[in-house]
Amino acid sequence: MEKNMILSGVGGQGILTISYLICHAALEKGLNFKQAEVHGMAQRGGAVQSHLRISDRVIASDLIPSGSSDLILSVEPLEVFRYLDFLKPDGIIITSTIPFKNIPDYPSETDLMALLEKLPRKVLIDTKSIAQKIGNPKIQNMIILGASLPTLGFMPEDFDKHLTLLFGAKGEKVVEMNRQAIRSGFELAS
Amino acid sequence: MNQQLLLGNEAVGLGAIHAGLSGVFGYPGTPSTEIFEFIQSKAADCKIRAVWSANEKVGYEEALGMSFAGKRVIVTMKHVGLNVAADPFMNSSMTGVNGGFVVAVADDPGMHSSQNEQDSRYYADFARIPCLEPSSQQEAYDMMGSIFDLSEQNDVPVMLRLVTRLSHSRANVMPIPAPRGQNALAPAHDWKKWVLLPGNARIRNIQLIQKQDALTALSEKSPFNKLTLAPGATLGIIATGIAANYVKENLDDFGQPVHFLKICQYPIPIAHIRSILDASQEILVVEDGYPYVESRILGLFGVPNKRITGRLSGALPRTGEMNSDHVRAALKLKVRESFQFDAGKIPGRPPVLCQGCPHADTYRAMQEAVKVHANSKIFSDIGCYTLGVLPPFTCGEACVDMGASVSMAYGAASAGVYPSIAVIGDSTFIHSGMTPLIGAAKENADINVFIMDNSLVAMTGAQQTMATGSALVDLVEKLGVPREHIVTLKPLPKHHEENVTLIRKELEYHGTSVLIPQRPCLKA
């Protein structure tokens, strides 16, 4: 078993939390993993990516070779298109459809949606509406995390323990909202 | 113990703690910062001293003092930080150590967050000390188990060289079952070793040179350097540190046997190089950094009858971060097929100041105030505020190294530039801005220095700084700047007009003036 995933988004959107949780789930299953992330200057509102590799064998490179990623998982729709070279010819794209506009030349939403629709294998998620239904706009990244689970071979329950560790201090309600977000993403992508 | 989920930097920190560490010193700098922060998070439980230093030179010397006292110590910095600490670094190889001393330096091939991609292995070579370069998080942890012994037994500081990709990548790491305790306090008492008067230093220099053969022999015996000769192979691959992984990623597809030498401990293991050269017709050298090993093998005139390829020959890119795709091309393997889709041109998304950042308000006021001076020049410095040189602010025409804003503004003013403006953060000011300001203030140089006081070290993740608010104002006054020309600003949109007026007034003043915008970072 080997799964490679590119995680993309904009600095501050919580992609490090997604990869951190997936790594913990992999650790508990006794799998090997490597997860390369971006710190420092690039984190300040710029394009950020994380390479995540999970395997039952030894993993050599921390970076995913081009054409080797099973999945691009994105919390921002434009960012998807920056990393397509990493994706396998039959790879899947899962992304939030909610734009994060902090550049003057951001494409029109119509053009961007048309481009997304053209992708062959994709799961497009209106994370904003789902997060609003659950009652917390900050959990959009957890919905996206949930949507990656069918491809990676994990279940929503695999994250219960670490959600409590990560958000327990903020109260049981916050933990439950995150749990719900992961489940809703999982169901959409299953 | 169970497996743990650790960044490369955290694996170094945990390994150091388990090897009997008593202290960590350093200055924050991407990609090195998390080594210190990880140890700091365990410091109280493990009785380890962990407080950031004013700069890398100070941190290095504090660490050397702890080694002098007999304790095991690590000092952490980014690659360019070692330039700041170069004086004690070079001289500590002359004094040698008492307690085990490790200088952990994180290089940044590809310049993800840095102004150059200098390779610290040259520094280790320059100082004639051993250097360890882990290829994985587990190996980083494992190396810490022997690196302090290497230092103590050979009476030398030892460098641990990391690169961004390993520092900032997580993996599962298995710790050892029984960590070692700390050294007892046992200060050195050998003045001929520790007092580098010329008479002593000449002897120490010869002793250091005499150690070199033994250090090379240790590299040749090191479990971290691994030579595998394959029957029937004609190609030999030498890969250093993390670059070994990029080779392994391609070997299954290569299909033919290759001789393989992985180098993770220096001085260069000469006997291994001899063996792989003798066994191969062609050698590919793969390094994440400068072509250090490649150029050492080539010397001035190359190796007769052998083809040596790598970054220098053009088989691999001359600059930038190494990866498995580059190695694949060097091995002449077919490019991996990837997803085909024409997305057109995707606009770039460079880093920007956070929404609501106090620096943005200062820059807006600065931009407007400076407008009336056609010949003004702004010298920026290292930190979040460097982003102010980009649109929409475009405040800054030079940015070189920590503290250079103040000294370059002084130099430019001396040449006739007016207004000559420096922009520096509060932590960078403590690091290296105070010293040039003393000289400038003494001469009453015609410069305006903005010290952007956001009360912490922002870019590297909100570390504590040493002087903020009124303490910073007092400090600037004591450095020789008259109180009436130390002007504090409140960088908020509602104070914009008032700030523009205050800045304009100071620009008109022909003498050393300091403006301090005070508002905590949003991450505070």
Side-chain angles (χ1 to χ4, degrees), chain A residues 10-12 19-20 23-24 26-27 30-48 51-52 58-69 72 76 78-82 84-91 93 100 102-107 111 115 118-120, chain B residues 2-5 7-8 29-31 33-34 108 112-114 136-137 164-172 242 244-251 321 323-325 328 335-344 346-355 357 384 386-387 391-392 458-461:
Chain A
V10 179
S19 46
Y20 183 81
C23 285
H24 270 293
L27 183 71
L31 294 165
N32 290 311
F33 58 89
K34 283 196 173 177
Q35 181 247 319
E37 57 192 41
V38 178
H39 292 209
M41 182 176 267
Q43 272 180 300
R44 302 276 170 267
V48 289
H51 291 221
L52 178 62
V58 175
I59 301 163
S61 168
D62 296 79
L63 290 172
I64 299 171
S66 61
S68 304
S69 189
I72 291 177
E76 207 283 342
L78 178 65
E79 293 305 310
V80 165
F81 298 100
R82 233 179 271 291
L84 294 178
D85 282 348
F86 285 107
L87 200 58
K88 287 179 178 173
D90 59 349
I93 289 150
F100 186 98
N102 65 344
I103 45 172
D105 46 354
Y106 197 94
D111 290 354
L115 206 55
K118 269 196 240 164
L119 292 164
Chain B
N2 292 327
Q3 284 205 334
Q4 295 193 29
L5 167 65
L7 282 177
T30 313
T33 313
E34 299 80 8
D108 191 14
H112 299 276
S113 265
S114 309
S136 69
Q137 295 77 357
T164 303
R165 195 54 61 193
L166 183 62
S167 286
H168 288 167
S169 174
R170 289 176 208 280
N172 38 331
I242 198 169
N245 303 342
Y246 302 138
V247 174
K248 284 181 193 156
E249 192 71 38
N250 287 297
L251 282 184
E321 186 179 5
N323 64 39
S324 63
D325 291 338
R328 197 170 178 84
V335 176
R336 281 193 185 88
E337 222 182 301
S338 61
F339 187 81
Q340 294 301 311
F341 188 83
D342 183 13
I346 300 300
R349 195 181 317 243
V352 287
L353 292 173
C354 304
Q355 289 284 327
C357 172
C384 284
T386 314
L387 295 170
M459 182 67 91
T460 49

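Note that the structure is a prediction, hence the values are computed from the model and not measured. Letters A, B, ... are given to chains in the order of the sequence lines, protein chains preceding strands, and every chain is numbered from 1. For the numbers below, each heavy atom of this structure counts, side chains included, while hydrogens, waters and symmetry mates do not.
In this structure, no portion of A/Phe86 lies under 4.5 Å from any heavy atom of chain B. If you measure heavy-atom distances from A/Ile93 to chain B, the contacts under 4.5 Å come from the side chain alone. With a 4.5 Å cut-off on non-hydrogen atoms, B/Asp325 touches chain A through its side chain but not through its backbone. Within the 4.5 angstrom heavy-atom criterion, atoms from both the backbone and the side chain of B/Glu337 approach chain A. Interface remark: B/Asn250 contributes no atoms to any contact with chain A (heavy atom separation under 4.5 Å). Contacts between A/Leu119 and chain B at a heavy-atom distance below 4.5 Å involve backbone atoms as well as side-chain atoms.
Counted by atom type alone, B/Gln355 and A/Asn102 present zero donor-acceptor pairs between their side chains at under 3.5 Å. Side-chain contact annotation: B/Asn245 with A/Ser61, donor-acceptor N/O pair under 3.5 Å absent.
Taking CG of A/Leu84 as the start and OG of B/Ser338 as the end, the distance is 8.5 Å to the nearest 0.5 Å. Atom CG of residue B/Leu5 and atom CZ of residue A/Phe33 lie 4.5 Å apart, to the nearest 0.5 angstrom. Atoms NZ and CD1, on B/Lys248 and A/Ile59 in that order, are 13.0 Å from each other to the nearest 0.5 Å. B/Asn323 CG to A/Asp62 CG: the interatomic distance, rounded to the nearest 0.5 Å, is 12.0 Å. Taken to the nearest 0.5 Å, the NE2 atom of A/His24 stands 9.5 Å off from the CD atom of B/Gln4.
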Please lay out, stage by stage, how A/Glu37 and B/Arg170 fare under the test side-chain contact (heavy atoms from CB on, under 4.5 Å).
CA-CA 8 Å; A/Glu37 57 192 41; B/Arg170 289 176 208 280; 3.1 Å; yes
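Closest non-hydrogen pair, B/Ser136 versus A/Lys34, comes out as CB-NZ, 4.3 Å. The two atoms that bring A/Pro65 and B/Arg336 nearest to each other are CB-NH1, 3.1 Å, heavy atoms only. For the residue pair B/Phe341 and A/Leu115, the shortest heavy atom distance occurs at CZ-O, 3.6 Å. The two atoms that bring B/Phe339 and A/Pro89 nearest to each other are CD1-O, 3.6 Å, heavy atoms only.
The side-chain heavy atoms of B/Arg165 and A/His51, taken from C-beta on, include no pair separated by under 4.5 Å.
Chosen from B/Ala171, B/Pro391, B/Cys357, the residue pairing most often with chain A at heavy-atom distances under 4.5 Å is B/Ala171. Residue with the most contacts toward chain B among A/Asp105, A/Asp90, A/Ile103, A/Leu63: A/Leu63 (heavy-atom pairs, distance under 4.5 Å). Looking only at heavy-atom pairs under 4.5 Å with chain B, the residue among A/Gly67, A/Ala60, A/Ala26 that has the most is A/Ala60.
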